[in-house]
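Following: one structure in structure tokens, then a few remarks.
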Number of protein chains: 2
Amino acid sequence: MTYKKTDLFDEDLQRMAEVAKVMSHPARLAILRYLANCKSCISGDITNEIPLSRTTVSQHLQELKRVGLIHGEIDGLKVNYCLCTSCIDDIKKTFTLFLNEISISESIKC
Amino acid sequence: MTYKKTDLFDEDLQRMAEVAKVMSHPARLAILRYLANCKSCISGDITNEIPLSRTTVSQHLQELKRVGLIHGEIDGLKVNYCLCTSCIDDIKKTFTLFLNEISISESIKC
DNA sequence: AATCTATGTCGTATGTTTGCGTCATTAAAC
DNA sequence: GTTTAATGACGCAAACATACGACATAGATT
């Protein structure tokens with residue numbers, strides 16, 4: 001079998017799908033929400049906030065970092081995580097555009 | 001191992017994650033986009049539009065139906081699929097709300 | 001220098017998704 | 001009534017995601 005056919009599709013759809021996939025786990029959404037509200041966004045604080053093991057939370061943080069939603073900044077022994085506001089604005093635009101595109105158009109509704 | 005800890009999180013995050021997951025594959029996004037533009041949204045037409053086997057496309061359609069993004073209406077031998085505009089509006093609201101929530105707030109940026 | 005602490009990486013078990021071929025079903029066409 | 005066509009359901013294999021314990025590392029504390 002060949003498998004993994006995602007690159008047969010338009011690049012904009014691929015990017016949107018990638019972002020959607022990262023947002024497809026409640027733990028990662030909870031991390032984003034927490035980062036938006038807290039002042040000190042130290043990795044350890046996030047771990048305490050999320051009901052999963054430290055390792056798993058760390059993994060979710062790496063995922064969020066991979067697509068650019070958050071940044072990590074080493075501060076001695078600790079790591080400060082924070083949202084990437086420009087990336088979030090970008091995502092907001094992408095999603096709004098797509099959702100408008102498919103809801104405004106004149107297709108037949110049943 | 002216990003696995004599957006998604007229900008440890010807020011219900012709104014769970015619902016949003018579920019929707020995001022459905023939108024996390026370019027084929028499903030392509031289907032949504034196609035349904036928005038076409039007049040006749042017969043299952044067979046969708047299959048021809050998507051570079052995957054008929055079986056796989058059918059599976060993706062079931063996924064989209066499962067979360068309520070599309071509806072299917074049997075018309076003799078064929079099935080007419082169409083977007084559920086109210087569901088899309090709902091999703092648009094949910095995503096916009098969440099993304100605003102995490103981008104407007106006053107967290108420390110790095 | 002020895003120890004402690006915060007964090008990341010690796011390996012691993014298990015569950016889930018993707019993709020497709022084959023079969024079943026049901027309506028249309030003949 | 002038999003055949004053809006459109007679709008969904010079933011089953012399988014490969015890939016991927018989730019979750020976590022154990023280990024590694026590197027800065028702080030003593």
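Here is how names work: the chains are called A, B, and so on, in the same order as the sequence lines, proteins then strands, and each is numbered from 1.
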Looking at [X], does any N or O in its side chain come under 4.0 Å of the phosphate oxygens OP1/OP2 on [N]?
X     : N      : result
B/K4  : D/dA17 : no
B/Y81 : D/dA6  : no
B/K5  : D/dC20 : yes

Hey, are the side chains of [X] and [Y] touching, using non-hydrogen atoms and a 4.5 Å cut-off?
X     : Y     : result
B/R28 : B/V57 : no
B/D10 : A/R33 : yes
B/C41 : B/Y34 : no
A/L69 : A/I91 : yes

Whole Å only: how far is the [atom1] atom of [X] from the [atom2] atom of [N]?
X     : N      : atom1 : atom2 : value
B/D75 : C/dA28 : CG    : P     : 8 Å
A/L64 : D/dT18 : CG    : P     : 11 Å
B/I74 : D/dT7  : CD1   : C1'   : 9 Å
B/E73 : D/dG8  : CD    : P     : 13 Å
B/R66 : D/dG8  : CZ    : P     : 16 Å
A/Q62 : D/dT18 : CD    : P     : 14 Å
A/N80 : D/dG27 : CG    : P     : 16 Å
A/L61 : D/dA19 : CG    : C1'   : 15 Å

Check: Can you tell which of C/dG19, D/dG8, C/dT5 lies closest to the side chain of B/V79?
Finding: D/dG8
Check: Which one, D/dA6, C/dA6, D/dA17, comes nearest to the side chain of A/K78?
Finding: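 Ranking D/dA6, C/dA6, D/dA17 by closest atom to the A/K78 side chain puts C/dA6 first.
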Item checked: Proximity to DNA chain C (any heavy atom under 4.0 Å), residues of residues 42-60 of chain B only ->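 The answer is B/L52, B/S53, B/T55, B/T56, B/Q59, B/H60.
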Check: Do B/K5 and B/L8 pass the side-chain contact (heavy atoms from CB on, under 4.5 Å) test, and can you show the C-alpha distance, the side-chain angles, and the key distance before you say yes or no?
Finding: CA-CA 6 Å; B/K5 307 229 162 171; B/L8 296 177; 3.8 Å; yes
Next item on the list: Please lay out, stage by stage, how B/R66 and B/E18 fare under the test salt bridge (charged side-chain N to carboxylate O under 4.0 Å, His left out).
Entry: CA-CA 10 Å; B/R66 189 180 57 79; B/E18 191 189 32; 3.2 Å; yes
Check: side-chain hydrogen bond (donor to acceptor under 3.5 Å, both in side chains) with A/D90: which residues, sequence neighbours excluded?
Finding: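 Partners of A/D90 by the side-chain hydrogen bond (donor to acceptor under 3.5 Å, both in side chains) criterion come out as none, since no residue qualifies.
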Note to self: Here's a test of your reading of the structure: between A/K65 and A/K21, which maps to the more 5' nucleotide of DNA chain C?
What the structure shows: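 It is A/K65, whose closest nucleotide lies nearer the 5' terminus.
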